[in-house]
Amino acid sequence: MDTLQTGQFGRLSGEERAHDEALLNARGEQVQDLILKLNSTNLAVTLPEELLLEIFKYHKAAWPHKIPTDEVTGLPLIANRTLDIYGWAVVTHVCRRWRNIGLGAPVLWTRIYISDPDLARASLERSRSLPLDVEGSFSLRISGKLSKTWRLVLKQSHRIRSLKYHNSHDELTETEEWFYEVSGCTFPILTTLQADIDPDYPISAEIPPTLEKLYYRPPLETLRINEVDFDDTRRLISSRLRHLELRDVRCKGTDHLAATRELLTTLKELPELQSLRLIDSLALYPINQPDPELPADLPLLLGKPVDLPHLSHLHASQKYGMTPVSVLLYNLAFPVSATVRLGTDALGDTIFGLGDVSQLGSLLSARISACANSDPPAPLRTLVIHAGGVTTEQSIAIAGWTQLLPVCSVSAYTATQYPSLLTPTPCLFELSVLNYIAENEVILNFLNPIPLQSVQTVTLGGDTAWAVSVPHTPLVLVFALIRALKVETLAVSGPWSACLPYLLHPLENLNTTPFPELHTLHIEFTPVARSETWMQLLTGALQARIDVGGGKRLRKIVVMDFGLVCVQDVQRLKEYTDEVVFNTNQR
């Protein structure tokens, strides 16, 4: 059996042990002194406290990480259901100085998520007397833990500046009438309210009693409501409101014209409104049958349009047809430079769906023309058509900008992210359609009234990762864009590249050439374009443009290759342009 060897250390005397420990402590102090000396020259440590605090505030603003649908102009709020709002606090773990600054700055602790009473109490203490931004579960059935946290926070209701609540059925351990115990809440400085209601719990489709003090006299500037009765919602609206979002909030009753008139009457009382977002909150109009009460021309339900002089962003989306959106747009008067985002679902299920799209095109046409004639002039310069989605839920989006945007591939963007991830520049208009029958009819009916004479850049793209259908008749796309005479740059990606030869080839029967001023072509090759027949059609169209003369030869062709194009194909393109840029980056 082996014997454990204790070594020399086991035979140290007490005096020797004390000497070695003192020596070790001295060396440790020297090491700490060296670490402090080195750290004292580190830029992150030597930054002034005021600058560090600004960095911490910037870092805090990034939590929780936003998703594309949250990035809405005029509505920077988000519906958050996690504890990620405290993720910024990792900066307090870097060093003692950073921790002291982070824990000692009240402005960093004003946001409270209702989850744990100890965490809420710490935030209340650290934020001192600053205004609070509170969010969490706020239902009539609630657990003791959440109830205790809410009680603690609502005792400071006079400090609450922003309140966002939603239903939570993760913890239903006990039922309490605790709202009535805190009914003395006054919320004198509350400016932002977001109510996110679970439709599976109809009892909570009302404003909780705790918030009744807000009725009729709220100082609210931002209101976001989901699944709350319209009558309750309207009682929260005041003339000071600047941002309004309604999701699945409709007037009661079946009279769609009366319901729309009631909504317009409410909007008429909001002279300072800057952004309006209505998602499935417009009155449902009859489907698949003519409306006897709706004349052929859209009605002015209040005698004249409702004037919203400060509106900069309108987002209206409605399932089952666009008639409600058309009626709304026709009954509003707001600056022509405002962003207008319109959407619908299941357009193909309605007989009059394509007529709705054409009607929207006509309404937007008047706005685009007015914008082009404004001072300073802001004509339509960039047009993007984007298709994506799976075969069971296809989507198409058409958007325009008054700015001349740089060309970039749009194949990686889905409809829910488009166009906010394409560019931070707000678009002038966007039409988004889900579950359509055929995109070529949508494009033709919508673009036919739109003035395209000033457009200089056109991008056609789609999500190549999904089964995106190509317009069945490429000539439909040609005729939809034939009025765009000043296009200088054309970018095509995804399955849309199958249409490219037809978009470029001169139309002999009409004695015209599409895009006569075109000089730059961007192509993102896909399997659709990887065929000898397609390359022959493309080179034939390019040669036909040269044969027409008049400067129709292209100056540059940019080829985005993702492993699908042969170098020989690129060499063939050099015969028809002054320059070919071949980008071989892989995805």
Side-chain angles (χ1 to χ4, degrees), residues 31-68 70-136 149-150 152-165 187-194 219-222 224 242-243 274-275 420 424:
V31 170
Q32 288 297 324
D33 290 341
L34 289 174
I35 291 176
L36 290 175
K37 182 179 179 180
L38 291 173
N39 285 342
S40 64
T41 61
N42 188 297
L43 178 60
V45 177
T46 58
L47 287 174
E49 182 174 332
E50 296 79 5
L51 182 56
L52 272 177
L53 182 56
E54 291 301 315
I55 294 174
F56 292 171
K57 287 163 61 177
Y58 183 83
H59 180 57
K60 175 195 171 186
W63 288 83
H65 299 302
K66 297 176 176 61
I67 59 176
D70 295 323
E71 302 293 346
V72 179
T73 304
L75 287 171
L77 307 177
I78 58 173
N80 178 39
R81 298 172 185 259
T82 71
L83 289 175
D84 285 344
I85 61 172
Y86 298 110
W88 67 269
V90 294
V91 299
T92 63
H93 301 168
V94 173
C95 65
R96 186 180 305 170
R97 181 169 180 260
W98 282 30
R99 179 175 179 81
N100 292 337
I101 294 174
L103 297 183
V107 70
L108 298 176
W109 298 96
T110 57
R111 194 172 184 184
I112 299 177
Y113 188 85
I114 302 299
S115 58
D116 180 85
D118 294 332
L119 186 56
R121 185 178 293 106
S123 296
L124 289 173
E125 293 175 354
R126 292 169 183 168
S127 61
R128 299 178 189 172
S129 59
L130 293 182
L132 302 173
D133 302 313
V134 179
E135 54 192 286
T149 309
W150 270 115
L152 187 67
V153 173
L154 289 178
K155 288 180 180 179
Q156 303 289 321
S157 64
H158 61 282
R159 295 174 52 196
I160 298 180
R161 168 182 55 192
S162 169
L163 176 61
K164 291 183 278 184
Y165 72 90
F187 304 102
I189 67 170
L190 187 68
T191 59
T192 297
L193 175 63
Q194 175 174 318
L220 293 178
E221 296 179 2
T222 300
R224 300 184 73 177
R242 296 182 179 180
H243 307 290
Q274 298 176 11
S275 63
S420 58

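Just the heavy atoms: all of them, side chains too, but no hydrogens, waters or symmetry mates, feed the values below.
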Review point. Yes or no on side chain to side chain contact (heavy atoms under 4.5 Å, CB included) for Leu108 and Trp88, after CA distance, side-chain angles and deciding distance?
Key: CA-CA 9 Å; Leu108 298 176; Trp88 67 269; 3.6 Å; yes
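- Inter-residue side-chain proximity for Asp133 and Arg161 is flagged as met; some heavy-atom pair is nearer than 4.5 Å.
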Exercise for review: Evaluate side chain to side chain contact (heavy atoms under 4.5 Å, CB included) for Val134 paired with Trp150, printing each intermediate quantity in order.
Suggested key: CA-CA 10 Å; Val134 179; Trp150 270 115; 3.9 Å; yes
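- Atom NE2 of His59 sits about 12.5 Å away from atom CG of Leu52, to the nearest 0.5 Å.
- Side-chain atoms of Lys60 and Thr110, non-hydrogen and from C-beta on, do get closer than 4.5 Å to each other.
- Between the CD atom in Glu221 and the OG atom in Ser162 there is a gap of 11.5 Å [rounded to 0.5 Å].
- In this structure, Arg97 CZ and Leu47 CG are separated by 7.5 Å, a value rounded to the nearest 0.5 Å.
- Distance check: Gln156 CD to Ser123 OG gives 12.0 Å after rounding to the nearest 0.5 Å.
- Contact check for Leu132 versus Leu124: side-chain heavy atoms found under the 4.5 Å cut-off.
- When all heavy atoms are compared, the tightest approach of Ala120 to Ile112 is CB-CG2, 4.2 Å.
- With a 4.5 Å cut-off on side-chain heavy atoms, Leu53 and Val107 count as touching.
- Listed here is the closest heavy atom pair of Val91 and Trp98: O-CE3, 3.4 Å.
- With contacts defined as side-chain heavy-atom distances shorter than 4.5 Å, the pair Asp116/Thr149 does not qualify.
- Rounding to the nearest 0.5 Å places CZ of Arg111 at 4.5 Å from NZ of Lys164.
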Point to revise | side chain to side chain contact (heavy atoms under 4.5 Å, CB included) between Trp109 and Leu130, intermediate numbers included | key: CA-CA 9 Å; Trp109 298 96; Leu130 293 182; over 6 Å; no
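- Under the 3.5 Å distance criterion, the side-chain polar atoms of Arg159 are matched with a main-chain donor or acceptor of Arg128.
- Distance check: Leu193 CG to Leu220 CG gives 6.0 Å after rounding to the nearest 0.5 Å.
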Check your understanding: Between Arg224 and His243, is a side chain to side chain contact (heavy atoms under 4.5 Å, CB included) present by the stated rule, with each step listed?
Key -> CA-CA 8 Å; Arg224 300 184 73 177; His243 307 290; over 6 Å; no
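- Nearest heavy-atom pair across Ser157 and Pro188 is O-CD, 4.0 Å.
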